[in-house]
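A quick write-up on the structure given underneath.
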Amino acid sequence: MTTPGTHPAWLLGARGAPSPHNTQPWRFAPAADGRIVVRWDPARTLPAGDPTDRDLYLALGAAVESARLRALLAFVPLAFAPAPDDAPATVGTLVPGDDPDASPDDPRMAAMLDRRQTGRAPHLHRPIPTGLADRLTAEAARFGCGFHLMTDRRRLARLARLARAATAAQFADPAVHAELWRWLRLDPHNLAYQRDGLTADCLELRGAALQVARLALPPARMRWLSRLGAHRLLALDTGTTVRRSASMCLLTLAEQAPARGDLVRAGRGLLRLWLLAADSGLTTHPVSALLDRAATVAPTLAVFGCAGRYPAAVYRMGATPPPARAPRLPAAELLILGSPDRMTTPEATP
């Protein structure tokens, strides 16, 4: 599964998975018998911005699927066995063998892992390929999810207004904004810029826009700007980006209060949807604010025409210029040493 001086394929796959604010919360405890316990680091969660852990469980599911697909390319098939929902800081175990959710498309999906990217730039004027929506719908259904694609300009404009309001509310929420600031990386000379978080390059911030971000986004200054109502101006860009999107996509579950295991499985499906997008030359970009603010959840579902379902993820999908690669933690830092019950990782290396 590995050779001296290298990391196993499954670990390299999991390392490249997407996560909210690029926190990379997953941690892995390999056992001598080939099992790999999948856990998370509580210090890398978002208790203010993701209080229900919805985004956390989706990210862990994406890491599981990324690990499984990369291992498949190395001819080391892995299956995922979910843990009970009350297991502390553990979502399940990767075990040697064929996964029940495996598909004949897995090798092609695995080949897309390095092509999948988050693209926050405005979409190019390129239509969504014919037939892609059907493929995405079918793939989502395999993981117990509904998939909804929107390209109608009027409804995109409605979503844009909701996204602008949700983003403004996040700027005005001291706890949520302070959490965002912790993961913002606006100085390329900071050692963390190459490790995790939301870098200026990935956020498409440069020139005057980057200077405005550096001046306006420190939490103490944002609290002052919010009292003046200026936070609404900072949210205008989100609204414009959504309104000009080639498409907006919504992933849903039937249960109003899905269990942790359901969300992890949905995260596996979500990763595969993003790989299918990459296979068509498209990037994806979560607009999680729409689901993170209670006031915009029901209106968002109404715009998509799927009231009564649980919204798992909402994101933009379209063609963009090649985006910057998000930084990644060293693979060794994702491993738990010793007993799987411990949360001890190797010392961080800048």
Side-chain angles (χ1 to χ4, degrees), residues 17-20 46 49-65 80 82 85 91 101 103 109 116 118 128 131-152 154-163 165-167 238 242 245-277 280 282-318:
S19 58
L46 304 172
D50 182 30
T52 65
D53 290 330
R54 172 181 54 83
D55 285 333
L56 170 66
Y57 299 147
L58 291 174
L60 289 164
V64 163
E65 194 64 9
F80 179 65
D85 282 344
V91 296
D101 286 316
S103 161
M109 291 273 195
R116 181 208 63 79
T118 299
I128 302 301
L132 178 58
D134 291 339
R135 294 176 65 197
L136 294 169
T137 300
E139 192 64 30
R142 290 204 319 111
F143 288 83
C145 301
F147 174 78
H148 315 269
L149 176 74
M150 180 193 301
T151 58
D152 179 77
R154 290 184 180 180
R155 291 198 289 168
L156 285 173
R158 290 169 61 190
L159 272 186
R161 291 191 290 271
L162 291 171
T167 302
T238 298
V242 170
S245 296
S247 71
M248 288 287 290
C249 305
L250 178 69
L251 189 71
T252 63
L253 293 168
E255 302 84 356
Q256 284 299 311
R260 182 172 74 186
D262 295 327
L263 287 171
V264 172
R265 190 159 186 254
R268 296 179 61 189
L270 180 62
L271 187 277
R272 295 175 71 90
L273 299 188
W274 291 358
L275 294 176
L276 283 173
S280 293
L282 308 179
T283 64
T284 50
H285 168 213
V287 189
S288 298
L290 286 166
L291 306 183
D292 292 336
R293 307 304 297 183
T296 53
V297 172
T300 296
L301 286 169
V303 172
F304 277 96
C306 50
R309 293 185 64 88
Y310 177 86
V314 61
Y315 59 95
R316 301 167 60 236
M317 182 177 69

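- Atom CZ in Arg268 sits 11.5 Å away from atom SG in Cys145 (nearest 0.5 Å).
- Side-chain contact between Thr137 and Leu149 is absent, with no heavy atoms from C-beta onward closer than 4.5 Å.
- Listed here is the closest heavy atom pair of Gly318 and Ala246: CA-CB, 4.1 Å.
- How far CG of Leu263 is from CG of Asp53: 9.5 Å, rounded to the nearest 0.5 Å.
- Rounding to the nearest 0.5 Å places CG of Asp262 at 12.0 Å from OH of Tyr57.
- With sequence neighbours left out, the salt bridge (charged side-chain N to carboxylate O under 4.0 Å, His left out) criterion links Asp152 to no other residue.
- Residues Val242 and Leu162 form no side-chain contact, since every pair of their non-hydrogen atoms from C-beta on lies 4.5 Å or further apart.
- In this structure, the separation between CZ on Arg161 and CG on Leu159 is 9.5 Å, given to the nearest 0.5 Å.
- Glu65 places none of its side-chain heavy atoms less than 4.5 Å from the side chain of Leu275.
- Between Asp101 and Arg265, some side-chain heavy-atom pair lies under the 4.5 Å cut-off.
- Arg135 meets the salt bridge (charged side-chain N to carboxylate O under 4.0 Å, His left out) test with Asp279; sequence neighbours excluded.
- Legend: side-chain hydrogen bond (donor to acceptor under 3.5 Å, both in side chains) pairs involving residues 141-151, not counting sequence neighbours, sorted by first then second residue: Glu139-Arg142, His148-Thr252.
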(message) Quick one, Met150 with Leu250, criterion side-chain contact (heavy atoms from CB on, under 4.5 Å). Give me CA distance, side-chain angles, the key distance, then yes/no.
(response) CA-CA 8 Å; Met150 180 193 301; Leu250 178 69; over 6 Å; no

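- Legend: residues meeting salt bridge (charged side-chain N to carboxylate O under 4.0 Å, His left out) with Arg316, ordered by chain and number and at least two apart, are absent.
- Scanning all heavy atoms of the two residues, the minimum distance from Leu132 to Ser280 falls at CD1-OG, 3.8 Å.
- Remark: the backbone N or O of Ala259 is not paired with any side-chain donor or acceptor of Asp85 at under 3.5 angstrom.
- Residue pairs meeting the ring pair (Phe, Tyr, Trp, His ring centres under 6.0 Å) criterion with at least one partner in residues 249-277, sequence neighbours excluded, are Trp274-Tyr315.
- When all heavy atoms of Ala59 and Pro20 are compared, the closest pair comes out as CB-CD, 3.8 Å.
- Contact check for Pro286 versus Thr118: side-chain heavy atoms found under the 4.5 Å cut-off.
- The two residues Ala140 and Phe147 have their closest heavy-atom pair at CB-CB, 3.8 Å.
- Closest heavy-atom contact between Leu271 and Pro18: CD2-CD, 3.9 Å.
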(request) Please lay out, stage by stage, how Arg272 and Ser103 fare under the test side-chain contact (heavy atoms from CB on, under 4.5 Å). (result) CA-CA 11 Å; Arg272 295 175 71 90; Ser103 161; 3.6 Å; yes

Could you go through residues 292-308 and list every donor-acceptor pair under 3.5 Å that involves a side-chain atom there, pairing it with any protein atom two or more places apart or in another chain?
unit_1: Asp292; atom_1: OD1; unit_2: Arg54; atom_2: NH2; d: 2.6
unit_1: Arg293; atom_1: NH1; unit_2: Asp173; atom_2: OD2; d: 3.4
unit_1: Thr296; atom_1: OG1; unit_2: Leu290; atom_2: O; d: 2.8
unit_1: Thr296; atom_1: OG1; unit_2: Arg293; atom_2: O; d: 3.1
unit_1: Thr300; atom_1: OG1; unit_2: Thr296; atom_2: O; d: 2.6

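- A 4.5 Å side-chain heavy-atom check between Val264 and Pro82 finds every atom pair outside the cut-off.
- Taking every heavy atom of both residues into account, Val287 and Ala163 meet most closely at CG1-CB, 4.2 Å.
- Rounding to the nearest 0.5 Å gives a distance of 11.0 Å between CG of Asp50 and OG of Ser19.
- With rounding to the nearest 0.5 Å, the separation of SG in Cys249 from CG in Leu273 is 8.5 Å.
- Here the side chains of Glu255 and Tyr310 are not in contact, with every heavy-atom distance at 4.5 Å or above.
- With a 4.5 Å cut-off on side-chain heavy atoms, Met317 and Leu136 count as touching.
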